[in-house]
Peer 1: 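Quick one: structure below, then a few questions.
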Amino acid sequence: MPVVVVVGSQWGDEGKGKITDYLALEADVVVRYQGGPNAGHTVVVNEEEFQLHLLPSGILYPEKLSIIGNGVVVDPLILVDELEAMHKRGRDTRGLRISDRAHLIMPYHKILDALQEESMGESKIGTTLKGVGPAYMDKAARVGIRVGDLLEPALFKERLQANLSDKNRVLKYIYGKDTLALEPILDSYLEAGEYLAPYITDTAVLINHAIDEDKKLLFEGAQGTLLDLDHGTYPYVTSSHPVAGGACIGAGVGPTKIDEIIGVVKAYTSRVGDGPFPTELLDETGDWIREKGHEYGVTTGRPRRIGWLDLVMLNYAAVLNGFTGIAFTRLDILSGLDVVKVAYAYERDGQIVREFPASFKELAKCKPIYKEFPGWPEIDPNVRTFDQLHPNVQDYVKFVSESIGVEPSIISLGRGREDSLTLRNVFGM
Ligand code: IMP
Ligand code: MG
């Protein structure tokens, strides 16, 4: 039975939450494999809106298993709040499982995130300030504290003490800031640990059992390919691996177990945070798309930078992830424009560039070369076949998918779960 990975093909906010939620209809298990509360997924079910940060989109299906994998960094205080908010809305969250190997975001990570950004001045990354980068730094430095440690208070205290003695020196002597006391952190984290205890387990075992039992699994990436620590627009990236390969590490499954990799492609591009953006629109068209699409960060409220679709970038994403299908989103937001543009190459110092450059300085010098498409009217969310779409939408979708050599599997027609057109069922039903 297929194991499907959903990946953002741009800089995040492609609409993965909606696509994951839609595909989760058929899945038995939904697994989040990286990132942390930096993510923001908006899911609309029966006109009720949910904004999720740490909870996997699968949480909206009480009968399914929703897993926070080992590759995620967990802020337990945020997670408890998110669960409480679900309970207040009458949602059953008993399907949640949290990996005991996932690393914790600690209060000093959030403080250091802000201090590091501040000290970078002009060259700041524009992080979400949720402590994600510093938490992954500690994981790589082998001093991180893990979710499972919350269940062993004596060990947790020992690890916290060791970390605080180090972090307090950094806070005091490098940044000239106040130091942090042990007790309040210890108390609040152990309290959260007690609350979360029923959900904490070895999730890789659960996931691999489910695969052995021929269950349908959906792996949900956060952020997007161009924010990948290795493959993204470094250093303007996040500190984890949104690419499909990240699902293996962040969930504990072998690469041979994965059958389908669906790239979520927004009909235009957006980016929050700093860094080069070749197709960025700094004009009224960009403002118009931002307003129509409510393109403001779910996590930070920042206005997102908007630009046309970029096929150089998309092609790079298709290759890196090995997409077997794409899910188009937000074609409806572009409706009403006279002209819709797509960059199919860049121009740099008189040369045509087709490969996405590694250097952000190089990328900043690239000027997009556009193909223009006539716009389309409002999209009818009740369309049920590709042929029923407006011919201009069909042309746009065909051009994009042929350019990157990947067939469309899903076309999102609007915000709601049911406003979706399936062209090929990725779970093979
Ligand atoms: P961090 O992940 O908070 O360290 O931020 C690093 C970069 O990733 C910044 O440019 C953020 O704006 C961006 N980023 C992090 N999470 C998301 C997301 O879920 N959507 C879009 N951008 C994100
Ligand atoms: Mg988002």
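Note that ligands are numbered from 1 as they come in the structure, with each ligand's atoms numbered from 1 the same way. Numbers here are sequence positions counted from 1. All figures in this text were calculated on a predicted structure; none of them were measured in a lab. Note: hydrogens, waters and symmetry copies are ignored here, and every other heavy atom, side chains too, is used.
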Peer 1: Quick one: does NZ or CZ of Arg94 land under 6.0 Å from the six-membered ring centre of Tyr199, within 45 degrees of the ring axis?
Peer 2: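 Here Arg94 fails the 6.0 Å and 45° test against Tyr199.
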Peer 1: Does the side chain of Ser335 pick up a donor-acceptor pair with the side chain of Lys292 at under 3.5 Å?
Peer 2: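 Distance-only check passes for Ser335 and Lys292.
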Peer 1: Close to the Mg ion (ligand 2), meaning under 2.8 Å, how many protein N, O or S atoms are there?
Peer 2: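 Every protein N, O or S atom under 2.8 Å from the Mg ion (ligand 2) counted, the figure is 2.
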Peer 1: Say whether Asp310 and Tyr344, considering side chains only, have a donor N or O and an acceptor N or O under 3.5 Å apart.
Peer 2: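 No.
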Peer 1: Check whether the side chains of Glu220 and Ser57 place a donor and an acceptor atom closer than 3.5 Å, and report yes or no.
Peer 2: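 Distance-only check passes for Glu220 and Ser57.
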Peer 1: Cation-pi between Lys371 and Phe399: NZ/CZ under 6.0 Å from ring centre and within 45° of the ring axis?
Peer 2: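 Cation-pi check for Lys371 and Phe399: passes.
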Peer 1: So do the side chains of Asp75 and Lys110 get within less than 4.5 Å of each other, counting heavy atoms only?
Peer 2: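 Asp75 reaches Lys110 side chain to side chain.
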Peer 1: Could you check whether Thr238 and Tyr136, counting side-chain N and O atoms only, form a donor-acceptor pair closer than 3.5 Å?
Peer 2: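 Note: Tyr136 and Thr238 side chains miss the donor-acceptor criterion.
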Peer 1: Given ring pair (Phe, Tyr, Trp, His ring centres under 6.0 Å), test Tyr236 with Phe360 step by step and report yes or no.
Peer 2: CA-CA 8 Å; Tyr236 299 98; Phe360 75 89; 5.3 Å; yes
Peer 1: Between Tyr175 and Lys177, is there a cation-pi geometry (under 6.0 Å to ring centre, at most 45° from the normal)?
Peer 2: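 The answer is no; the distance or angle limit is not met.
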Peer 1: Could you name the protein residues that come within less than 4.0 Å of ligand 1, counting only heavy atoms, and order them by chain and residue number?
Peer 2: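 For ligand 1, the residues that come within the 4.0 Å heavy-atom cutoff are Trp11, Asp13, Asn38, Ala39, Gly40, Ile125, Gly126, Thr127, Thr128, Gln223, Leu227, Val237, Thr238, Val272, Gly273, Arg302.
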